[in-house]
Amino acid sequence: MEGLLRLLIILLLLVFGGEQQTPLPPDQVQPVPMPTQSTMPVTMSIDSVTAMILESYPAQINLNVTGYHDGCEYPVLVEQRREGNDVYVTVYRDMPLNVMCPAIAIQYNSTIQLDGTFESGMYHIHVNDYVLEITVA
């Protein structure tokens with residue numbers, strides 16, 4: 001019985017007898033920063049890419065891109081960059097982190113004009129995971 005009483009006293013001390021914390025005065029309270037990123041980029045699924053080399057000098061290139069995305073209606077964004085004869089095009093949407101989208105496929109068709117001009121040579125054009133090799137004469 002004495003052992004049970006000691007155990008009860010220890011439990012009461014743990015629950016009620018711990019170190020008391022005093023709240024900070026209002027002028028010392030720091031707000032908790034919210035996450036700065038509330039969206040994330042979601043790339044489109046690309047089915048096909050065809051290149052149209054425009055008759056100009058130096059050449060310019062347009063891409064016909066088809067693919068699909070889920071049922072959420074957020075704007076499609078396009079970013080491009082070049083590294084030598086490799087052109088990287090990212091087609092994506094900035095989606096809220098907590099959004100629930102309908103599980104339907106929505107067709108995507110667009111013409112994308114590549115930035116800059118292209119001298120004669122072979123080029124690799126990467127559109128998300130799709131790679132197209134073209135030759136500019």
Contacts of Y74 meeting ring-ring contact (aromatic ring centres under 6.0 Å, His included) (sequence neighbours excluded), chain-then-number -> none
Look only at the side chain of N128 and the backbone of V91, and say whether a donor-acceptor pair between them is shorter than 3.5 Å.
yes
Distance-only donor-acceptor pairs under 3.5 Å for side chains of residues 40-53, two or more places apart:
from, atom 1, to, atom 2, distance (Å)
S48, OG, T66, OG1, 2.6

Non-hydrogen side-chain atoms of I61 and I134 separated by less than 4.5 Å:
yes
Residue pairs meeting salt bridge (charged side-chain N to carboxylate O under 4.0 Å, His left out), one or both in residues 58-67, sequence neighbours left out, come to none
Return all side-chain donor-acceptor pairs below 3.5 angstrom for residues 108-115, not counting sequence neighbours, or 'none' if the list is empty.
from, atom 1, to, atom 2, distance (Å)
T111, OG1, N64, OD1, 3.0

**Study point:** Same apolar cluster (I L V M F W Y, side chains within < 4.5 Å links), V89/L54
**Key:** no
Ring pair (Phe, Tyr, Trp, His ring centres under 6.0 Å) pairs touching residues 43-65, sequence neighbours excluded, are none
Hits for ring-ring contact (aromatic ring centres under 6.0 Å, His included) against Y92, two or more places apart or cross-chain, chain-then-number order -> none
* State yes or no: do L63 and V131 share one hydrophobic cluster built from I, L, V, M, F, W and Y residues joined by side-chain heavy-atom distances below 4.5 Å, directly or via other members? => no
**Message:** Is there a side-chain contact (heavy atoms from CB on, under 4.5 Å) between Y130 and I125? Walk through the geometry before answering.
**Reply:** CA-CA 8 Å; Y130 194 98; I125 301 172; over 6 Å; no
Sequence neighbours excluded, the answer for salt bridge (Lys or Arg N to Asp or Glu O under 4.0 Å) partners of E83 is R81
Counting C-beta onward and ignoring hydrogens, is there a side-chain heavy-atom pair between V78 and T90 closer than 4.5 Å? no
*Do side-chain atoms of Q107 reach the backbone of G67 as a donor and acceptor pair under 3.5 angstrom?*
yes
Across all chains, not counting sequence neighbours, the ring-ring contact (aromatic ring centres under 6.0 Å, His included) partners of H124 are none
Should we say atom OH of Y88 is surrounded by more than 12 heavy atoms from elsewhere, each under 6.0 Å from it? yes
Is there a continuous path of hydrophobic side-chain contacts, each under 4.5 Å between heavy atoms, that joins L97 to M95?
yes
So salt bridge (charged side-chain N to carboxylate O under 4.0 Å, His left out) across residues 116-135, not counting sequence neighbours, yields none
Sorted by chain and residue number, the side chain to side chain contact (heavy atoms under 4.5 Å, CB included) partners of P102 (sequence neighbours excluded) come out as C72, I104
Here the salt bridge (charged side-chain N to carboxylate O under 4.0 Å, His left out) pairs for residues 52-67, sequence neighbours left out, are none
d(I106 CD1, H69 NE2) to nearest 0.5 Å is 5.0 Å
Residue pairs meeting salt bridge (charged side-chain N to carboxylate O under 4.0 Å, His left out), one or both in residues 87-99, sequence neighbours left out, come to D70-R93
